[in-house]
Amino acid sequence: YGGPLTFKKSEDVRASASLVPRDRLLTETDSPFMAPEPCRGPNNEPALTVFTAEVLADCLGITNRECAEI
């Protein structure tokens with residue numbers, strides 16, 4: 001999942017993330033496009049995937065640390 005997972009109107013994307021088997025999940029950057037919230041506007045970069053991972057962890061009902069371990 002990339003930056004769009006974090007967009008306010010992407011409820012359907014977040015719902016789909018909760019259905020994917022955990023061993024099949026991946027966070028990625030659409031660099032230099034599609035920066036995640038709260039970084040919309042400037043160019044995207046790999047360091048911003050942390051924001052996507054935080055939202056993904058929330059979708060899965062796990063901590064950020066557990067998400068990182070996956």
Side-chain angles (χ1 to χ4, degrees):
Y1 286 87
L5 181 74
T6 68
F7 298 172
K8 292 176 181 141
K9 294 184 178 181
S10 293
E11 295 90 9
D12 56 338
V13 178
R14 288 186 292 280
S16 73
S18 68
L19 302 174
V20 176
R22 291 182 181 184
D23 65 342
R24 305 276 188 214
L25 290 169
L26 173 75
T27 57
E28 58 96 22
T29 176
D30 295 318
S31 188
F33 309 104
M34 307 291 281
E37 294 287 346
C39 304
R40 299 285 305 269
N43 285 343
N44 196 5
E45 61 182 74
L48 300 180
T49 59
V50 67
F51 296 106
T52 303
E54 288 175 359
V55 173
L56 182 59
D58 187 53
C59 292
L60 299 174
I62 60 176
T63 66
N64 292 344
R65 183 177 200 88
E66 289 171 313
C67 188
E69 290 172 358
I70 293 172

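What you see is a predicted model; the values in this text were computed from it and never measured. Keep in mind that the numbers below use all heavy atoms, side chains included, and drop hydrogens, waters and symmetry copies. Just so you know, residue 1 is the first one in the sequence shown, and it goes up from there.
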Where [X] and [Y] come nearest, the two heavy atoms and their spacing:
{"X": "Cys59", "Y": "Ser18", "result": "O-CB, 3.6 Å"}
{"X": "Arg14", "Y": "Lys8", "result": "NH2-O, 3.3 Å"}
{"X": "Cys67", "Y": "Ala53", "result": "SG-O, 3.7 Å"}

With sequence neighbours excluded, what pairs up with Asn44 under the side-chain hydrogen bond (donor to acceptor under 3.5 Å, both in side chains) test?
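With sequence neighbours excluded, Asn44 shows a side-chain hydrogen bond (donor to acceptor under 3.5 Å, both in side chains) to Thr29, given in chain and number order.
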How long is the span from the CG atom in Asn43 to the CG atom in Leu48, to the nearest 0.5 Å?
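Those atoms lie 10.0 Å apart.
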From OG1 (Thr52) to CE (Met34), nearest 0.5 Å:
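It comes to 10.5 Å.
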Do Val55 and Phe7 sit in one hydrophobic cluster, given that two such residues count as connected whenever their side-chain heavy atoms are within less than 4.5 Å of each other, even indirectly?
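No, no single cluster joins them.
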Treating Ile, Leu, Val, Met, Phe, Trp and Tyr as nodes and any side-chain heavy-atom pair under 4.5 angstrom as an edge, say whether Phe51 and Leu25 lie in one connected cluster.
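Phe51 and Leu25: separate clusters.
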Side chains of Asp58 and Glu54 in contact at under 4.5 Å (non-hydrogen atoms)
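A side-chain contact is absent here, since even the closest heavy-atom pair is not under 4.5 Å.
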Non-hydrogen side-chain atoms of Pro32 and Glu45 separated by less than 4.5 Å
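Of all side-chain heavy-atom pairs linking Glu45 with Pro32, none is under 4.5 Å.
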Using side chain to side chain contact (heavy atoms under 4.5 Å, CB included) as the criterion, point out the one residue from Leu26, Leu5, Val20 that pairs with Leu56.
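Filter result, single survivor: Leu5.
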Pairs in or reaching into residues 20-40: which pass salt bridge (Lys or Arg N to Asp or Glu O under 4.0 Å), with residues at least two apart or in two chains?
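The answer is Glu37-Arg40.
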Between Thr6 and Tyr1, is a side chain to side chain donor-acceptor pair (under 3.5 Å) present by the stated rule, with each step listed?
CA-CA 9 Å; Thr6 68; Tyr1 286 87; over 6 Å; no
Quick one: does Ser10's side chain have a donor or acceptor within less than 3.5 Å of a partner on Pro4's backbone?
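Here the side-chain-to-backbone pair exists.
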